[in-house]
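Following: one structure in structure tokens, then a few remarks.
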2 protein chains.
Amino acid sequence: MSVAHTEITSQANGPCGDDDCGIRDVLDRIGDKWTVLVMVELGKGVRRFRELHRAIPGISQRMLTLTTRRLCRDGLVERTAYPTIPPQVEYRLTPIGRSLAKMVEELADWSRTHKDAIADAREQWDVGHPGDG
Amino acid sequence: MSVAHTEITSQANGPCGDDDCGIRDVLDRIGDKWTVLVMVELGKGVRRFRELHRAIPGISQRMLTLTTRRLCRDGLVERTAYPTIPPQVEYRLTPIGRSLAKMVEELADWSRTHKDAIADAREQWDVGHPGDG
DNA sequence: CTGCATCCTTACCGATACTG
DNA sequence: CAGTATCGGTAAGGATGCAG
């Protein structure tokens, strides 16, 4: 994402006082455009590359490749490639990946619960602030 | 952030089956560079603009202004301006803002717990994939 | 089918100067 | 003190074509 520290240890200041609790890295992962969608889909079970691609409308092949690779790099997703022709690759959540997926689900629940309230707040704001984003 | 749908209702597909659960909007907010830091600081109590600025090293005035304004727009933060000279403005979390701050804290807890595991996974990955980000 | 390489547009964000 | 206005670097991500 836009922050991209790359190294998990390179944070000047975290939100937890003055020590780095690592949340920046997690947000750099799940905060990007496609990661949550991939994780939720993989939360339903093992998926092949093409299945993910069809299950997530709008994602490009390039972004699906990058997203799955980053998830693999962080140990959240496991990749299994069978040397067949044509190639066949399976993706599945690791235990730690499933635990993060659970957090994401809770966030999704929160979103569902407060979605309308936020929409209302924005409408209220926007009428009082024309020409604002 | 990079996604920026602006409208809370303009999502083709959410992670929850085929309906939009609004998580995209939440991630667009807390996924950006500074929002979590501001929320956690406000979680400690009422803060003035300058106090936030000093409490969050590295943030520019511009970004602090944008971040607080977006939080206000979503109804997560309340802004109180006193017409004194010099001006004085207070920011505090709304009830819904506090509830989101709680979710963020849980995510921070998760990060602390799994930080080392992720760092290890990255190291493992990087040794096997030189020249990769 | 699964990926990689390249070009290109968008917009996030930092730096700086200015206002009431 | 609490913003606003403007400029510019940079990285994310979309489109397209090629490869094993």
Side-chain angles (χ1 to χ4, degrees), chain A residues 1-7 12 24 27-38 46-73 77-92 129-133, chain B residues 1-6 12 24 27-38 42 46-73 77-92 129-133:
Chain A
M1 76 153 8
S2 46
V3 181
H5 279 278
T6 302
E7 283 306 316
R24 183 74 267 147
L27 286 170
D28 284 350
R29 192 63 56 242
I30 70 171
D32 69 14
K33 192 168 183 176
W34 301 108
T35 294
V36 279
L37 302 179
V38 171
V46 179
R47 291 289 185 275
R48 298 182 52 177
F49 186 90
R50 195 90 210 300
E51 292 174 326
L52 284 174
H53 196 199
R54 277 179 310 201
I56 305 172
I59 193 172
S60 62
Q61 281 192 343
R62 168 187 152 81
M63 287 317 296
L64 182 53
T65 299
L66 289 179
T67 302
T68 52
R69 182 188 303 156
R70 288 195 277 246
L71 285 169
C72 288
R73 184 166 104 100
V77 163
E78 184 189 340
R79 179 183 183 275
T80 312
Y82 301 96
T84 57
I85 294 189
Q88 177 164 347
V89 179
E90 288 178 353
Y91 296 93
R92 83 196 68 214
H129 302 74
D132 208 55
Chain B
M1 73 156 4
S2 47
V3 181
H5 278 280
T6 302
R24 182 75 269 144
L27 285 171
D28 284 349
R29 193 63 55 242
I30 70 171
D32 69 14
K33 191 167 182 177
W34 301 109
T35 295
V36 279
L37 302 179
V38 171
L42 289 180
V46 179
R47 291 289 185 275
R48 298 181 53 176
F49 187 89
R50 198 88 210 298
E51 291 175 326
L52 284 175
H53 197 197
R54 278 178 310 201
I56 304 173
I59 193 172
S60 63
Q61 279 193 343
R62 168 187 153 81
M63 287 317 295
L64 182 54
T65 299
L66 290 179
T67 302
T68 53
R69 183 186 300 158
R70 288 194 278 245
L71 285 169
C72 287
R73 183 166 106 100
V77 163
E78 184 189 340
R79 179 184 184 274
T80 312
Y82 301 95
T84 58
I85 294 189
Q88 178 164 345
V89 179
E90 288 178 353
Y91 296 92
R92 82 195 69 213
H129 303 74
D132 206 55

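Residues satisfying the side-chain hydrogen bond (donor to acceptor under 3.5 Å, both in side chains) criterion with Thr35(B), sequence neighbours excluded, are Asp32(B). Residues satisfying the side chain to side chain contact (heavy atoms under 4.5 Å, CB included) criterion with Thr80(B), sequence neighbours excluded, are Glu78(B), Tyr82(B), Glu90(B), Arg92(B). Annotation: side chain to side chain contact (heavy atoms under 4.5 Å, CB included) contacts of Arg79(A) (sequence neighbours excluded): Cys72(A), Ala81(A), Val89(A), Tyr91(A).
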Please list every donor-acceptor pair under 3.5 Å in which a side-chain atom of residues 57-67 of chain A meets a protein atom from a residue at least two apart or in another chain.
from, atom 1, to, atom 2, distance (Å)
Ser60(A), OG, Met63(A), N, 3.2
Thr65(A), OG1, Gln61(A), O, 3.0
Thr67(A), OG1, Met63(A), O, 2.6

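In this structure, Asp32(A) places its CG atom 17 Å from P of dA11(C), rounding to the nearest Å. For the pair Leu64(A) CG and dT16(D) P, the interatomic distance rounds to 18 Å; values are reported in whole Å. The interatomic distance linking Gln88(A) (CD) with dG20(D) (C1') rounds to 16 Å, in whole Å. Atom CZ of Arg48(B) and atom P of dC1(D) are 7 Å apart (whole Å). The CG-P distance, from Leu52(A) to dG3(C), rounds to 10 Å in whole Å. Atom CE in Met63(A) sits roughly 15 Å away from atom P in dG3(C) (whole-Å rounding). Here the C1' atom of nucleotide dA2(D) and the NE2 atom of His53(B) are 11 Å apart, to the nearest Å. In this structure, Arg50(B) atom CZ and dA2(D) atom C1' are separated by 10 Å, rounded to whole Å.
Although no hydrogens or angles enter the test, the distance criterion places no donor-acceptor pair under 3.5 Å between the side chain of Arg50(A) and the main chain of Gln88(A).
Across the interface with DNA chain D, nearest-nucleotide mapping of Trp34(A) and Glu51(B) shows Glu51(B) to be the residue nearer the 5′ end. A residue-by-residue look at Pro86(A) and Pro86(B) shows that Pro86(A) has its nearest nucleotide of DNA chain C further toward the 5' end.
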Please tabulate the protein-to-nucleotide N/O contacts below 3.5 Å involving nucleotides 3-9 of chain D, giving atom names and distances.
from, atom 1, to, atom 2, distance (Å)
dG3(D), OP1, Arg79(B), NE, 3.3
dG3(D), OP1, Arg79(B), NH2, 2.4
dG3(D), OP2, Tyr91(B), OH, 2.3
dG3(D), N7, Gln61(B), OE1, 2.9
dG3(D), O6, Gln61(B), OE1, 3.1
dT4(D), OP1, Arg69(B), NH2, 3.4
dT4(D), OP2, Arg69(B), NH2, 2.2

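Atom CZ of residue Arg47(B) and atom CD1 of residue Ile56(B) lie 10.0 Å apart, to the nearest 0.5 angstrom. Rounding to the nearest 0.5 Å gives a distance of 8.0 Å between NZ of Lys33(A) and CZ of Arg24(B). Between atom NE2 of residue His129(B) and atom CZ of residue Arg73(A) there is a gap of 10.5 Å, rounded to the nearest 0.5 Å.
Axis angle across the helix from dC1(C)-dG20(D) to dG20(C)-dC1(D), with five pairs used at each end and values rounded to 10°: 40°.
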Margin query: Assess the residue pair Leu27(B) and Ile30(A) against the criterion (side-chain contact (heavy atoms from CB on, under 4.5 Å)); give the C-alpha distance rounded to whole Å, side-chain angles, the decisive distance to 0.1 Å, and a yes or no.
Written below: CA-CA 8 Å; Leu27(B) 285 171; Ile30(A) 70 171; 4.2 Å; yes
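The side chain of Lys33(B) lies closest to dC13(C) when the candidates are dG14(D), dA2(D), dC13(C).
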